[in-house]
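Remarks on the structure that follows.
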Amino acid sequence: MGRHYFGTDGIRGKANTLPMTAEIAMKVGMAAGVAFKRGNHRHRVVVGKDTRLSGYMIENALVAGFTAAGMDVFQLGPVPTPAVAMLTRSMRADIGVMISASHNPYEDNGIKLFGPDGYKLSDEIELHIEELIDRDLSRELASAAMIGRATRVDGVRDRYVESAKRTLPRELSLEGLRVVVDCANGAAYKVAPEALWELGADVIAIGDEPNGFNINLECGSTNTEALRRKVHETRADIGIALDGDADRVIIVDEQAREIDGDQIMGVIAHYWKSMDKLTGGGIVATVMSNLGLERYLGGIGLNLARTKVGDRYVVEHMRAHGYNVGGEQSGHVVLSDFSTTGDGLIAALQVLSVVRGTGKPVSEVCHCFDPVPQILRNVRYSDGKPLDDETVRKAIADGVSLLGNSGRLVIRPSGTEPLIRIMAEGDDAPLIERIVEDIAGAVARAA
């Protein structure tokens, strides 16, 4: 069955155009409400959002849909995605919703759904909700007496800050560390600086003045230039870059060099192994993670299990096989001892814990391995399926043949944007560059 609304991370698109319209959002609320109404108890849903202007529109439409389905709605305001996952469980909600397009610009928005256990929904449940969206639900909505209520919840940020702080040993203090945190003008613009300050750090916050239009704009985990400048300017010990909904993190060391999710996972895995806290015998990452990480983990007796792209596929594999560390090169880091989804702040706190525990600078702690040369190229297309084109297929086959066993080639359509993502890595940098250029050119011509 084809997917009409859900991508790799919920429903996403340009605000006020399909599928991110008020009408579709209301239908999503109705459909998800009907799908998760089980038993005779008073059903509830928690709804959080980031700082995009369109969040007001989507939130009100979702509230209308959920209340029409007979669910009480608890509106959390701007909070990180992992806070929504945590509060879905702690408030015993039947479903959780995060309104966010993550690292995308303000023009886009999205709807992420969580089940009562705080985990993102399976493909099967998403497909069931899609079927309900396109169906006449008039007979399955609540009666006039059973329509839900909507309530705004206070103190949500404090609860999340406390839960993040509790992931560290009680005696650990960040006193004496100068930390620059880039909040991407997004959902963590208050909680991230507060948590770091309460742990004793000297905090310098940037990207903490959202206005509805500047989320992820030249800031955050997808653009660390401002953070690197500020770390250099203030002689900070570490820079922390979150994305718009704070489920991703990129670190900048004291020399203003960027450290991606692969290195962060390597740091945490090695440290947790030394403390006998790591489970599963390794970590879970996607096909996009660098071959250097796999070789590094193998050298310390750990394995790397790979999944398709999307942090929920990482989480599914972690749950099925007993891993407690997983994530993506892009900065989604999932630590299942603490959270059911990627949490940028908690991942950063774990890195700071290693820095404190070892007494070493971030540049030393976070340089686990030398990445294998890797090139990622995105080719935009308007419609059609360029990967089905015969010349594209031949270019890919030629690339695989040239690489042999000395590297990897991953070509896939983005699940959130109209892009074909082309990634090649291997020990021969000129060769992989030529392979990527050949495939990208073929895709561009076909697109």
Side-chain angles (χ1 to χ4, degrees), residues 1-6 10-13 15-49 54-79 81 83-100 109-156 159 340:
M1 182 177 176
R3 298 164 71 91
H4 303 296
Y5 301 106
F6 287 92
I11 302 171
R12 192 174 297 187
N16 239 9
T17 63
L18 288 173
M20 288 313 303
T21 64
E23 179 186 11
I24 295 296
M26 184 174 69
K27 288 182 176 180
V28 170
M30 290 178 178
V34 168
F36 278 85
K37 280 184 70 175
R38 297 156 187 165
N40 296 320
H41 65 279
R42 192 73 188 175
H43 293 79
R44 60 178 66 173
V45 55
V46 297
V47 178
K49 61 181 180 178
S54 57
Y56 295 101
M57 176 188 74
I58 301 299
E59 180 182 26
N60 286 316
L62 281 168
V63 169
F66 280 117
T67 52
M71 282 196 160
D72 291 334
V73 182
F74 293 87
Q75 295 167 266
L76 309 177
V79 292
T81 288
V84 172
M86 181 267 290
L87 289 161
T88 301
R89 290 183 299 165
S90 68
M91 295 179 69
R92 292 180 295 174
D94 297 277
I95 190 167
V97 184
M98 179 64 181
I99 304 166
S100 175
N109 216 329
I111 300 171
K112 304 181 186 185
L113 300 176
F114 295 89
D117 55 3
Y119 287 97
K120 290 180 179 177
L121 306 185
S122 67
D123 287 336
E124 292 74 22
I125 296 176
E126 286 185 348
L127 286 170
H128 177 53
I129 291 173
E130 286 207 351
E131 186 262 326
L132 292 173
I133 290 171
D134 291 330
R135 203 166 85 193
D136 180 6
L137 297 178
S138 56
R139 294 186 179 182
E140 300 178 64
L141 299 180
S143 66
M146 296 303 293
I147 291 172
R149 300 174 184 269
T151 307
R152 292 207 171 269
V153 183
D154 296 324
V156 168
R159 292 174 67 172
T340 57

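Side chains included, hydrogens not; waters and symmetry mates left out as well; all remaining heavy atoms used. What you see is a predicted model; the values in this text were computed from it and never measured.
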Value for OG1 (Thr88) from CG (Leu76), rounded to nearest 0.5 Å, stands at 8.0 Å

side-chain contact (heavy atoms from CB on, under 4.5 Å) between Thr151 and Val73: does it pass, once the steps are laid out?
CA-CA 6 Å; Thr151 307; Val73 182; over 6 Å; no

So with a 6.0 Å cut-off around CZ of Arg92, is the heavy-atom count from everything else above 12?
no

Keeping Asp72 on the side-chain end and Gly148 on the backbone end, is there a donor-acceptor pair under 3.5 Å?
no

Any side-chain donor-acceptor pair under 3.5 Å between Arg159 and Ser90?
yes

If you compare all heavy atoms of Phe66 against all heavy atoms of Gly29, which two are closest, and at what distance to 0.1 Å?
CD2-O, 3.3 Å

Treating Arg44 as the side-chain partner and Met91 as the backbone partner, does any N or O pair qualify as donor plus acceptor under 3.5 Å?
yes

Between Met20 and Asn109, which heavy-atom pair has the shortest distance, and what is it?
CG-O, 3.3 Å

Do Val97 and Val84 make a side-chain contact, defined as non-hydrogen atoms from C-beta onward lying under 4.5 Å apart?
no

Sorted by first residue and then second, give each salt bridge (Lys or Arg N to Asp or Glu O under 4.0 Å) pair with at least one member in residues 21-39; sequence neighbours left out.
Glu23-Lys27

Could you check whether any side-chain heavy atom of Lys49 comes within less than 4.5 Å of a side-chain heavy atom of Tyr56, counting everything from C-beta outward?
yes

Please round to the nearest 0.5 Å and tell me the distance separating atom CD of Glu59 and atom CD1 of Ile111.
11.5 Å

Please name the pair of heavy atoms, one in Ile129 and one in Ala31, separated by the smallest distance, quoted to 0.1 Å.
O-CB, 3.8 Å

So, taking the atom named CE in Met98 and the one named CZ in Phe114, what distance separates them when rounded to the nearest 0.5 Å?
8.5 Å

More than 12 heavy atoms from other groups under 6.0 Å of CZ on Arg135:
yes

Closest contact, heavy atoms only, Val46 versus Ala93
CG1-CB, 4.1 Å

Just do the salt bridge (charged side-chain N to carboxylate O under 4.0 Å, His left out) check on Lys112 and Glu126 with the steps written out, would you?
CA-CA 11 Å; Lys112 304 181 186 185; Glu126 286 185 348; over 6 Å; no

How close do Thr340 and Gly118 get, counting heavy atoms only, and between which atoms?
OG1-O, 2.5 Å

With a 3.5 Å distance limit and no angle check, can you tell me whether His41 reaches the backbone of Gly39 through a side-chain donor-acceptor pair?
no

Spacing of CG belonging to Asn60 relative to CE belonging to Met26, to within rounding of 0.5 Å
12.0 Å

What are the two closest heavy atoms between Ala69 and Ala142, and how far apart are they?
C-CB, 4.0 Å

Within the structure provided, determine whether Phe36 and Val45 are in side-chain contact (heavy-atom separation under 4.5 Å).
no

To the nearest 0.5 Å, what is the distance between CG on Leu62 and CE on Met71?
12.5 Å

State whether a side-chain donor-acceptor pair under 3.5 Å links His4 with Asp134.
no

Residues Asp117 and Arg89 bridged, charged N to O under 4.0 Å
no

For Glu130 and Tyr5, indicate whether the former's side chain and the latter's backbone hold a donor-acceptor pair under 3.5 Å.
yes

Can any side-chain N or O of Thr21 pair as donor or acceptor with the backbone N or O of Leu18 at less than 3.5 Å?
no

Phe74 side, atom CZ; Arg149 side, atom CZ - distance, nearest 0.5 Å
10.5 Å

